[in-house]
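The structure appears below as structure tokens.
Remember, it's a predicted structure, so these values are computed and weren't measured experimentally.
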Amino acid sequence: LEPSGLTFDPAKPAELKIEYDQLNDDLDGDGNVDADDDDIEQQIDIWRQARPGDPFVRVGTGKIEDQDEIEAKLLGFSRYAIAY
């Protein structure tokens, strides 16, 4: 999200929602829906990278597993990714 460095009022943070339902519960992409996919869903989160080359930092999110969606409150623009 650009411009990097722009910040939001902490009392009214922006919300980022990411849906991953297009994976059809096969989160590791191996063609099987199994316990490995359940483990990934327990660990999946939104990560933030302040600038290219910086490490990604876990944002901390809320998961709505029955809707295959995660969401996070954002205090600023940056680079975001979904990972586990």
Side-chain angles (χ1 to χ4, degrees):
L1 301 174
E2 296 286 340
S4 184
L6 181 69
T7 58
F8 303 115
D9 180 348
K12 296 179 183 178
E15 261 186 38
L16 174 63
K17 293 183 183 183
I18 300 175
E19 296 177 359
Y20 53 94
D21 59 336
Q22 66 275 17
L23 298 173
N24 296 320
D25 296 324
D26 184 17
L27 300 180
D28 61 6
D30 68 356
N32 299 313
V33 177
D34 53 22
D36 291 339
D37 300 298
D38 292 337
D39 291 342
I40 290 170
E41 190 161 34
Q42 295 302 311
Q43 299 174 49
I44 204 166
D45 211 335
I46 296 175
W47 295 72
R48 176 182 183 270
Q49 184 184 45
R51 292 181 308 247
D54 285 353
F56 278 88
V57 177
R58 186 181 299 256
V59 174
T61 60
K63 294 182 188 87
I64 306 172
E65 291 178 11
D66 60 331
Q67 295 179 14
D68 294 334
E69 179 180 291
I70 59 176
E71 54 188 51
K73 305 279 188 208
L74 306 181
L75 299 178
F77 282 171
S78 189
R79 182 183 300 217
Y80 293 93
I82 182 174
Y84 61 94

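- Val59 and Val57 fall into different hydrophobic clusters, where Ile, Leu, Val, Met, Phe, Trp and Tyr are joined by side-chain heavy atoms under 4.5 Å apart, directly or via other members.
- Smallest separation of non-hydrogen atoms from Ser78 and Ala50: OG-CA, 3.3 Å.
- For Tyr80 and Phe56, the ring centers sit 6.0 Å or farther from each other.
- Residues Pro13 and Leu75 meet the side-chain proximity criterion, which asks for heavy atoms closer than 4.5 Å.
- The shortest distance between side-chain heavy atoms of Ile70 and Asp45 does not fall below 4.5 Å.
- Taken to the nearest 0.5 Å, the CD1 atom of Ile44 stands 5.5 Å off from the CG atom of Leu27.
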With side-chain contact (heavy atoms from CB on, under 4.5 Å) as the test, would you mind laying out the steps for Asp25 and Asp68 before giving the verdict? CA-CA 8 Å; Asp25 296 324; Asp68 294 334; 3.6 Å; yes
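- Ion pairing between a basic and an acidic side chain is recognised when a charged N comes within 4.0 Å of a carboxylate O; Asp54 and Arg51 show such pairing.
- A donor-acceptor pair under 3.5 Å is absent between the side-chain atoms of Thr7 and the main chain of Gly76, judged by distance alone.
- One hydrophobic cluster, built from ILVMFWY side chains closer than 4.5 Å, cannot hold both Trp47 and Tyr20; they sit in different ones.
- The CG atom of Asp34 lies 6.0 Å from the CG atom of Asp28; values are rounded to the nearest 0.5 Å.
- The structure places CG of Leu16 at 5.0 Å from CG of Leu74, a figure rounded to the nearest 0.5 Å.
- Here the CG atom belonging to Asn32 is positioned 7.0 Å from the CG atom belonging to Asp26, to the nearest 0.5 angstrom.
- The two residues Lys17 and Glu71 have their closest heavy-atom pair at CE-OE1, 3.4 Å.
- Contact annotation: the side chain of Glu15 approaches that of Lys73 to within less than 4.5 Å [non-hydrogen atoms, C-beta and beyond].
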